[in-house]
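Source: prediction; values computed, not measured.
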Amino acid sequence: MTNVERFNPHVADARWQKIWEERSSFVADDNSTKPRAYVLEMFPYPSGRIHIGHVRNYTMGDVLARYKRMTGHEVLHPMGWDAFGMPAENAAMEKKVHPGGWTRDNIANMKAQLKRLGFAIDWTRELATCEPEYYGHEQALFLKLYAAGLVYRKESAVNWDPVDMTVLANEQVIDGKGWRSGAPVERRKLSQWFLKITDFAEELLVGLGSLDQWPDKVRLMQENWIGKSQGLKCRFRFPGGDDGIDVFTTRPDTMFGASFIAIAADHPVAQKLAANAPDLQDFIAECRKGGTTAADIETAEKLGFNTGLTVEHPLDPSWHLPVYVANFVLMDYGTGAVFGCPAHDQRDLDFARKYHLPVTRVVADGDVTDSSFEGNVAYTNPGVIVNSHWMNGMTVDQAKADVIAKAEKEGWGQGQTQYRLRDWGVSRQRYWGTPIPIIHCQACGAVPVPNDQLPVKLPEDVSFDIPGNPLDRHPTWSKVDCPKCHQEARRETDTLDTFVDSSWYFIRFASQPHDKPFDRAAAEKWLPVDQYIGGVEHAILHLLYARFWTRALSHIGMIDVKEPFASLFTQGMVTHQTYQDAKGTWLSPDQVRRDGDIWTIIDSGAPAVAGRIEKMSKSKKNVVDPDDIVDQYGADAVRWFMLSDSPPERDLEWSEAGIEGCWRFVQRLWRLTSQVSGADGVDKALDRKTHQIIAGVGADIEALAFNKAVAKIYDLANAIEKAAPSASRDTAIRTIVTLSAPMVPHLAEEAWTQLGAASGGGIIADAPWPQVNPDLLVEDEVTIAIQVKGKLRDTLTVAKGLPQTEVEALALASQKVQHAIDGADIRKIIVVPDRLVNIVL
RNA sequence: GCGGAUGUGGCGGAAUGGUAGACGCUACAGACUUAAAAUCUGUUGUCCUUUUGGGCGUGCGGGUUCGAGUCCCGCCAUCCGCACCA
């Protein structure tokens, strides 16, 4: 074997990164006539360092972007920073630094880290959401939606820390307590801004049907999130009056099984009663304990308070039902009141058993039709209606329709479509976010900031010494004159949810004029994003908000795009083994050493325990810093690892052995490229393999099945190594360099130059993807499996397309087959052409 | 509580209803070397068998089918999300 110098990434990486930059290789041309491809990965939050998860995400996008370039597309592959958010304020409090300075330093560091990985990014379009050039346009868009009636204000609950006197994010609530103060968190109401996403509920739901290149699970999650249901809204009247409690139910068929009415603590009826009832006030206060998350509310013990009120049953006014205030009823959903049918709803049954309320069966459980209901498991399956007067004998669906029809005819209720989706609360009581461009005036109310006064910039001189929103405390910032009446007024001091920032950045990437958020024509040329890649944790919120925002902009005529992301891919996390010492203190991987199955701490020699494989996190010390591994192995080995083995949608376990293996393969590929012999002759088998793999790798990359593409490249490398020198082999070597170029671009460029392929001055980033010759894909021999009673007994290698009768004869001629048949009668023979024969006895 | 997903050798994983374990990692044996590294060759699901070979194997239990990792029904286990983390 020729003795070749090893591939040295420390020289090659930087060399090629510089050349790509000098040639502006990855700058997208808005005026190109080529077919376009917009490849986008979810932009990172600038937390300080690039995480290995980012590396995986961006490597996937990069392979696709580079592949698209090689297949003749004009590619837009931009990068930016989701730069507003709480960590910057936490850093400000802990480290006494300004959130802006901290964020911008982080961006500089992370950008340098990304550049070392050689991503084919158009850096000319870089943006950061914390800069007024970005958020000023966002304020303009917000005001356009406001003008269109899609923004409004209402009271809504927040997590309130009574000691720190501040609003807490769900994340800052640990076991129902404030993360800094440790005080039990309360739910408190504040007046906040909302976007009318519910106006688009039906559109967003129907639109999911067109997203056939999204994962089914994400579409299903969004469908459930929107939560469309059909039901009945009806009034349970107070005896003798027209007033009453409006209830929404999806089970009007079970109305004769009702045993109580439950209303939310925030329901107006509860509020009114509480004014004169201290014990109810106490109960309502009790309900407000705990966080605002669904899990908190749903898993809290079901508690009720009997108000003493009763209401008439609409189907039988002489039948009165008690009214409870209950902690599991949400004011935000439906009407904030439900009727309880304990026999056929688990939550209602738990409640009824606890408060000794009647439980009446109204849906038969098979043959069981008794009106009395035993046990503590509700019956929620379909069945025949029983114990319900005229409805007896109907199916559930018939009864639903019947009750709704009756309610509408008699005027006490109507059929209604209900969505679980709630309007999007965008107010945040925080500094480091986009200021909401509204001025509150005593006389004029909420007044939009005039367009020529945008952007409303964040003040720089703020302090984080005390908790709460520094904008609130700022001596001058919020003091302004009303744009309408010029009287003294006050700026809105809440800022926008950072999800607003990420709801339109993909449009700004496509078009970034200075004087407006985007140029419609330019943006429409690129949008929708052809391939969007990011973490599954964004499956609902970010993706739903971005879909909504795009539709809202479309609704007001700013852009003719309905769905922002044509194809979506959600990648898995990067995990790593965890280690602990005997006391349970977490150890980093470089603190421990493995001897067989035994782990020891390197410094002390004490035993260590290898624990679960978990998502990399600082607290468990199982993180690997991308800079360190790029230092050690170079960008290409790291990229190769990110693509190998695990399917991209699943978790990938980081391992030393794995990266070592990738490093070895990079070197092996490099050695292969020095083996071009100049020999003559055709190697038909190798040609076929090469072309099968060209076709396979292309298809795998298009399907984002990078692990399979990687396996095929290994396969080709193995075949080349085994083959004798020939012209075919030399071609295969050039081909494998091209095929691996999207994955290991630095090595590929270096090899491309060495192979003399770049004699015209070209680089592999601009080279075309190899053409598949379909004639070479065809096999002339096939191996056929011979089964007897479905069990494999032999295999036969025959000419492709051999007639069925001949295949059968050959199969029966096999000794192993005859042995397995053992003289029994053959009932039939199943032949799958060119694949298999199954002899059925 | 509600919702979603996953389960195949020692490990990560392949497999249009048609030869289960491609490809990689690990481990073991051998070659080269004064030695090590690097590299190369081979073996590596499991049990039985002297061999040819055979039995069993895709979380568990059923079913459909000539044929099931794949389709259907019912379980079990694990992981993830739940509206103010991004």
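When heavy atoms are screened at a 4.0 angstrom cut-off, A:D794 is found touching no nucleic acid atom at all. A:K816 comes within 4.0 angstrom of the backbone, heavy atoms only, and of no base. Among the heavy atoms of the strands, none lies under 4.0 Å from A:R347. Counting non-hydrogen atoms under 4.0 angstrom, A:T498 reaches the backbone sugars and phosphates but no base. Here A:S427 lies in heavy-atom contact (under 4.0 Å) with a base. Here A:H542 lies out of heavy-atom contact (under 4.0 Å) with every strand. Residue-level contact check: A:S502 touches neither bases nor backbone, having no heavy atom under 4.0 Å from any strand. Here A:E653 lies out of heavy-atom contact (under 4.0 Å) with every strand. Within the 4.0 angstrom heavy-atom criterion, no nucleotide atom of any strand lies near A:E660. Across all strands, A:K712 comes closer than 4.0 Å to no nucleic acid atom at all (heavy-atom distances). At the heavy-atom level, A:P647 lies under 4.0 Å from the strands shown only through sugar-phosphate atoms. Residue A:Q815 is out of contact with every strand shown, counting any heavy-atom pair closer than 4.0 Å. Note on A:L220: only backbone sugar-phosphate atoms sit closer than 4.0 angstrom, heavy atoms only; bases stay farther off. Within 4.0 Å of A:F328, counting heavy atoms only, lies no atom of the nucleic acid at all.
In this structure, the CG atom of A:D651 is 14 Å from the C1' atom of B:rG7, given to the nearest Å. Rounded to a whole Å, the CG atom of A:N159 is 13 Å from the C1' atom of B:rC85. Distance CG (A:D645) to P (B:rU8): 15 Å, rounded to an integer number of Å. Nucleotide B:rU6 holds its C1' atom 16 Å from the CG atom of A:L652, rounded to whole Å. As rounded to whole Å, 16 Å separates atom P of B:rU19 from atom CD1 of A:I839. Remark: P of B:rG12 and CE of A:M642 are 17 Å apart, rounded to the nearest angstrom. Residue A:R650 contributes atom CZ, which lies 9 Å from atom C1' of B:rG7 at whole-angstrom precision. Between the P atom of B:rC82 and the CG atom of A:L543 lies a distance of 13 Å, rounded to the nearest Å.
The gap from the C1' atom of B:rU8 to that of B:rG69 amounts to 7 Å, rounded to the nearest Å. Distance noted for atom P between B:rU52 and B:rU43: 15 Å (whole Å). Look at the C1' atom in both B:rG45 and B:rG67: the space between them is 22 Å, to the nearest Å. Straight-line distance between the P atoms of B:rG4 and B:rG54: roughly 46 Å, to the nearest whole Å. Comparing B:rC80 with B:rA31, their C1' atoms are spaced 49 Å from each other, to the whole Å. Between B:rC72 and B:rG7, the two P atoms lie 15 Å apart (nearest whole Å). Comparing B:rA38 with B:rA27, their P atoms sit 11 Å apart, to the nearest whole Å. Here the separation of B:rG9 from B:rA5, taken at their P atoms, is 23 Å to the nearest Å.
With hydrogens and angles ignored, the 3.5 Å screen pairs a side-chain donor or acceptor of A:H54 with a backbone N or O of A:H51.
Summarising the base pairing, B:rU41 is matched to B:rA29 through a Watson-Crick or G-U wobble pair whose two defining distances lie under 3.5 Å. Searching all strands for a Watson-Crick or G-U wobble partner of B:rA68 with both distances below 3.5 Å returns nothing. Judged by Watson-Crick or G-U wobble contacts below 3.5 Å, the nucleotide B:rA15 has no partner. With a cut-off of 3.5 Å on both pairing distances, the Watson-Crick or G-U wobble partner of B:rG81 is B:rC2.
The CH2 atom of A:W663 sits 15.5 Å away from atom CZ of A:F641, with the distance rounded to the nearest 0.5 Å. Atom CD of A:Q418 sits about 11.0 Å away from atom CG of A:L421, to the nearest 0.5 Å.
In this structure B:rG54 sits in the anti conformation; its chi angle is more than 90° from 0.
The listed nucleotides are B:rC84, B:rA83, B:rG18; the one nearest the side chain of A:L541 is B:rA83. Taking the side chain of A:R668 as heavy atoms from C-beta on, and the options B:rU16, B:rG24, B:rA86, the nearest nucleotide is B:rG24. Residue A:W225 places its side chain closer to B:rC82 than to any other of B:rC84, B:rC23, B:rC82. The nucleotide whose nearest atom lies closest to any side-chain atom of A:K217 is, among B:rC66, B:rG4, B:rC84, B:rG4. Of all nucleotides listed (B:rC23, B:rU19, B:rC84), B:rC23 comes nearest to the side chain of A:Y714. Checked against B:rA83, B:rA86, B:rA22, the side chain of A:L421 finds its nearest nucleotide in B:rA83. Proximity note for A:R793 (side chain, C-beta onward) versus B:rC84, B:rG54, B:rG7: the nearest is B:rG54. Taking only side-chain atoms of A:A657, from C-beta outward, the nucleotide of B:rC40, B:rC84, B:rC25 with the closest atom is B:rC25. Comparing B:rG12, B:rC40, B:rC84 by their nearest atom to the side chain of A:S646 picks out B:rG12. Distance from the side chain of A:R664 is smallest to B:rU26 among B:rC84, B:rU26, B:rG24.
The aromatic rings of A:F548 and A:W424 stand perpendicular to each other, their planes meeting at an angle above 60°, with 30° marking the opposite boundary. A:Y714 and A:F665 have tilted rings, their planes meeting at an angle from 30° to 60° on a 0 to 90° scale.
When the side-chain nitrogen and oxygen atoms of A:N838 are compared with OP1 and OP2 of B:rG18, none of them lie within a distance under 4.0 Å. Close to B:rA22, at under 4.0 Å from its OP1 or OP2, lies no side-chain N or O of A:N707. Under 4.0 angstrom from either OP1 or OP2 of B:rA15 there lies at least one side-chain N or O belonging to A:K708. Between A:R428 and B:rC84, a side-chain N or O to OP1/OP2 separation shorter than 4.0 Å is present.
Between A:I436 and A:S427, the closest side-chain pair of non-hydrogen atoms falls below 4.5 Å. Residues A:W102 and A:P87 form a side-chain contact, since some pair of their non-hydrogen atoms from C-beta on lies under 4.5 Å apart. Contact check for A:K689 versus A:D715: side-chain heavy atoms found under the 4.5 Å cut-off.
Comparing A:K828 and A:C662 by the nucleotide of RNA chain B whose heavy atom lies nearest to each, the residue mapping closer to the 5' end is A:C662. Positionally, the nearest nucleotide of RNA chain B for A:K722 lies more toward the 5' end than for the other of A:Y45 and A:K722.
For A:Q192 against B:rC84, a side-chain-to-base donor-acceptor contact under 3.5 Å is present. A donor-acceptor contact under 3.5 Å is formed by the side chain of A:R430 with the base of B:rC84.
The environment of A:Q815 atom CD is sparse: at most 12 non-hydrogen atoms of other residues, nucleotides or ligands sit within 6.0 angstrom.
Using a 4.0 Å cut-off between a side-chain N of Lys or Arg and a carboxylate O of Asp or Glu, A:E492 and A:R153 qualify as a salt bridge.
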